[in-house]
Amino acid sequence: MKASAPSALSPQIVSSPVDEVLPITQMFLYGLQHVLVMYAGAVAVPLVIGSAVGLPEQHIILLISTDLFICGAATLVQSLGVGRWLGCKLPLIQGCTFAALIPMVLIGKEYGLGAISGAVIVAGVFILLCAPWISRLIRFFPKVVMGSIVTLIGLSIMPVAGGWVGGGSSDMSDFGNLLSLLMAAITLVIILNLYTFATGMIKNIAVLIGLVAGTVIWNLFIPLNFNLVSATGWFHLPQLMHFARPEFHLLPVALLSMVMVVVMVETMSSLMATGDIVGKNVDAVMLRNGLNTCGLATVVCGFFNLFPYAAFAQNVGLIGLTGVRSRFVVSLSGGILMVMGLCAKMAALVVLIPKPVLGGAGIVMFGMVAVSGIRTLGQVDYRNNNNGLVVALTLGLGMMPVLVPGLFTQFPSMLQLFMHSGITIGTLIAIVANLTLNGIVHPKAAKEMPVPDPLPPSAAARNVAVRTVRMWLLVRKVQKEQQQLKNRG
């Protein structure tokens, strides 16, 4: 009798957790969780640049909707793969990168939105041209280099979560007010308790539940303003060159193309970190296909007046936190993003999530990115080599722009654009320091397949807590009995 094919609605036994197909309800909830985690970062770049070039609020919402639609399409291509040249087939969310934010703001103020679009188109072509050869430089990225870079990325983006915790921006008059700090703490406690004591799907959607619960509690103190949602239309179809026609100027094109080197290294770091988490070797072909997807998405979004795309690091942290490694979950996230992009009112609704609530979740997410790098550094051999010095230089110098923001203000303005990014400095230092101090270490011919860490048993923490409470009650009982005997005597 011929065996029936496995149902798409039930889990399948596959060779790798990255190819696992979960029940549709679970995939939807996990996918929605990815969307909510990356949403603030996805809308931040269009919001900041739209405001910098003087777009009205209604146009910024349409810009965000278009951004979400292209984010979703790029995520689908990246996670599912198209042909032999597009998509790394890993659970990676695509979104506007923060690495190019400051250069684009400067370009927009000097030349306008059209110049940004022209520079973005050329920058996307630059990525496509560089992807085939830069992906072959994987031998220059041993574990000590990649671990240092990923750890640096996690630590460098932590101030973003700190800004959200305080209410949005340190320039606000009430930044760091008690309510914002309290709501961030409540959201964080909800997520940690669900992740520690819950089981099954509830454990895996702890971040989603924390965001929803935190928003509801916030509304009890400060009612959310739904005016922007009411003023936004239901349906919005992305339109080519809706806000400006692309303009090509030499300086903006050269500047953004140079910034793309940082974006490519950042994307490769996220690719390799994700591969390590899900238990899959990331080779040069996967790196090339992942960069091709970012390059193509960047070219396309330039014609829609949008901005360069890269893999989102916070979602890499979410995969490490929840243990849900299926790329089809992220594919569903891409579908959700496309629907949100078409439904502008839905996009405006998600904007209502308060920044402190996002900050409480961001502490966990960004921290898990750093943990992913620390895990990689834990596999590095520090005996009879200079690996420890490579890590020290990468983190020490890479964190300087974060810890001392005004350190490079005396440099020429063009050079400041690069020195402002600790990830740029750290990446360059990691590669140069490793080559100088260790030389090129050729990989072994037989490469072991990384094995994803097993998830901790969900009942472990609960059992520890129960045993602790029982022990405390027993001690109290003994103390009471001793006190009663003492009183009788």
Side-chain angles (χ1 to χ4, degrees), residues 42 44-55 59-60 63 66-67 70-71 73-74 85-86 94-135 137 238-268 287-288 290-311 401 408 411-421 423-425 427-428:
V45 175
L47 187 62
V48 171
I49 296 178
S51 302
V53 298
L55 290 178
H59 287 180
I60 293 177
L63 194 68
T66 305
D67 172 50
I70 299 180
C71 274
W85 299 91
L86 291 176
Q94 299 295 118
C96 290
T97 175
F98 283 95
L101 179 60
I102 294 177
M104 286 189 295
V105 169
L106 296 176
I107 293 170
K109 289 181 177 180
E110 182 70 23
Y111 296 92
L113 185 59
I116 296 178
S117 300
V120 168
I121 293 172
V122 177
V125 174
F126 178 76
I127 294 177
L128 290 173
L129 293 176
C130 292
W133 64 267
I134 200 171
S135 60
L137 300 180
Q239 300 178 25
L240 283 169
M241 299 176 287
H242 182 63
F243 305 105
R245 289 185 174 275
E247 301 175 6
F248 301 92
H249 302 276
L250 181 60
L251 182 58
V253 165
L255 176 60
L256 208 56
S257 295
M258 287 187 285
V259 173
M260 288 305 102
V261 176
V262 180
V263 174
M264 284 188 283
V265 173
E266 180 183 355
T267 298
M268 288 196 298
L287 291 176
R288 180 202 67 194
L291 292 175
N292 282 342
T293 305
C294 291
L296 181 61
T298 300
V299 171
V300 171
C301 74
F303 288 101
F304 288 91
N305 304 126
L306 289 170
F307 318 108
Y309 278 51
F408 302 110
F411 279 70
S413 56
M414 180 66 68
L415 192 57
Q416 284 186 43
L417 298 177
F418 298 95
M419 303 302 289
H420 177 79
S421 172
I423 298 174
T424 307
I425 298 174
T427 299
L428 179 63

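Hydrogens, waters and symmetry mates are skipped; everything else that's a heavy atom, side chains included, is used. None of the values given here were measured: they were computed from a predicted structure.
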Ring center gap for Phe243 and His59 short of 6.0 angstrom: yes
Working to the nearest 0.5 angstrom, can you tell me the gap between [X] [atom1] and [Y] [atom2]?
{"X": "Met260", "Y": "Phe126", "atom1": "CE", "atom2": "CZ", "result": "9.0 Å"}
{"X": "Ile60", "Y": "Asp67", "atom1": "CD1", "atom2": "CG", "result": "12.5 Å"}
{"X": "Leu287", "Y": "Ile134", "atom1": "CG", "atom2": "CD1", "result": "9.5 Å"}
{"X": "Asn292", "Y": "Leu129", "atom1": "CG", "atom2": "CG", "result": "10.0 Å"}
{"X": "Asn305", "Y": "His242", "atom1": "CG", "atom2": "NE2", "result": "9.0 Å"}
{"X": "Leu306", "Y": "Ile121", "atom1": "CG", "atom2": "CD1", "result": "11.0 Å"}

Looking at [X] and [Y], what are the two nearest heavy atoms and their distance?
{"X": "Ser135", "Y": "Met268", "value": "CA-SD, 4.4 Å"}
{"X": "Ile116", "Y": "Gly108", "value": "CD1-CA, 3.5 Å"}
{"X": "Ala310", "Y": "Thr267", "value": "CB-OG1, 3.5 Å"}
{"X": "Leu291", "Y": "Ala131", "value": "CB-CB, 3.7 Å"}
{"X": "Leu113", "Y": "Phe307", "value": "CD1-CE2, 4.4 Å"}
{"X": "Pro246", "Y": "Met241", "value": "CD-SD, 3.3 Å"}

Hey, are the side chains of [X] and [Y] touching, using non-hydrogen atoms and a 4.5 Å cut-off?
{"X": "Ser117", "Y": "Glu247", "result": "no"}
{"X": "Phe304", "Y": "Gln239", "result": "no"}
{"X": "Ile49", "Y": "Leu55", "result": "no"}
{"X": "Phe303", "Y": "Arg245", "result": "no"}
{"X": "Pro308", "Y": "Met104", "result": "yes"}
{"X": "Trp85", "Y": "Leu296", "result": "no"}

Leu250 CG: over 12 foreign heavy atoms closer than 6.0 Å: no
Worked verdict on Met264 versus Ile127 for side-chain contact (heavy atoms from CB on, under 4.5 Å): CA-CA 7 Å; Met264 284 188 283; Ile127 294 177; 4.2 Å; yes
Full working for side-chain contact (heavy atoms from CB on, under 4.5 Å) between Cys294 and Val263: CA-CA 9 Å; Cys294 291; Val263 174; 6.0 Å; no
CA sep, side-chain torsions, deciding dist, call: Val122, Leu256, side-chain contact (heavy atoms from CB on, under 4.5 Å): CA-CA 8 Å; Val122 177; Leu256 208 56; over 6 Å; no
Ile70 vs Tyr309, side-chain contact (heavy atoms from CB on, under 4.5 Å): CA-CA, chis, key distance, verdict: CA-CA 10 Å; Ile70 299 180; Tyr309 278 51; 3.5 Å; yes
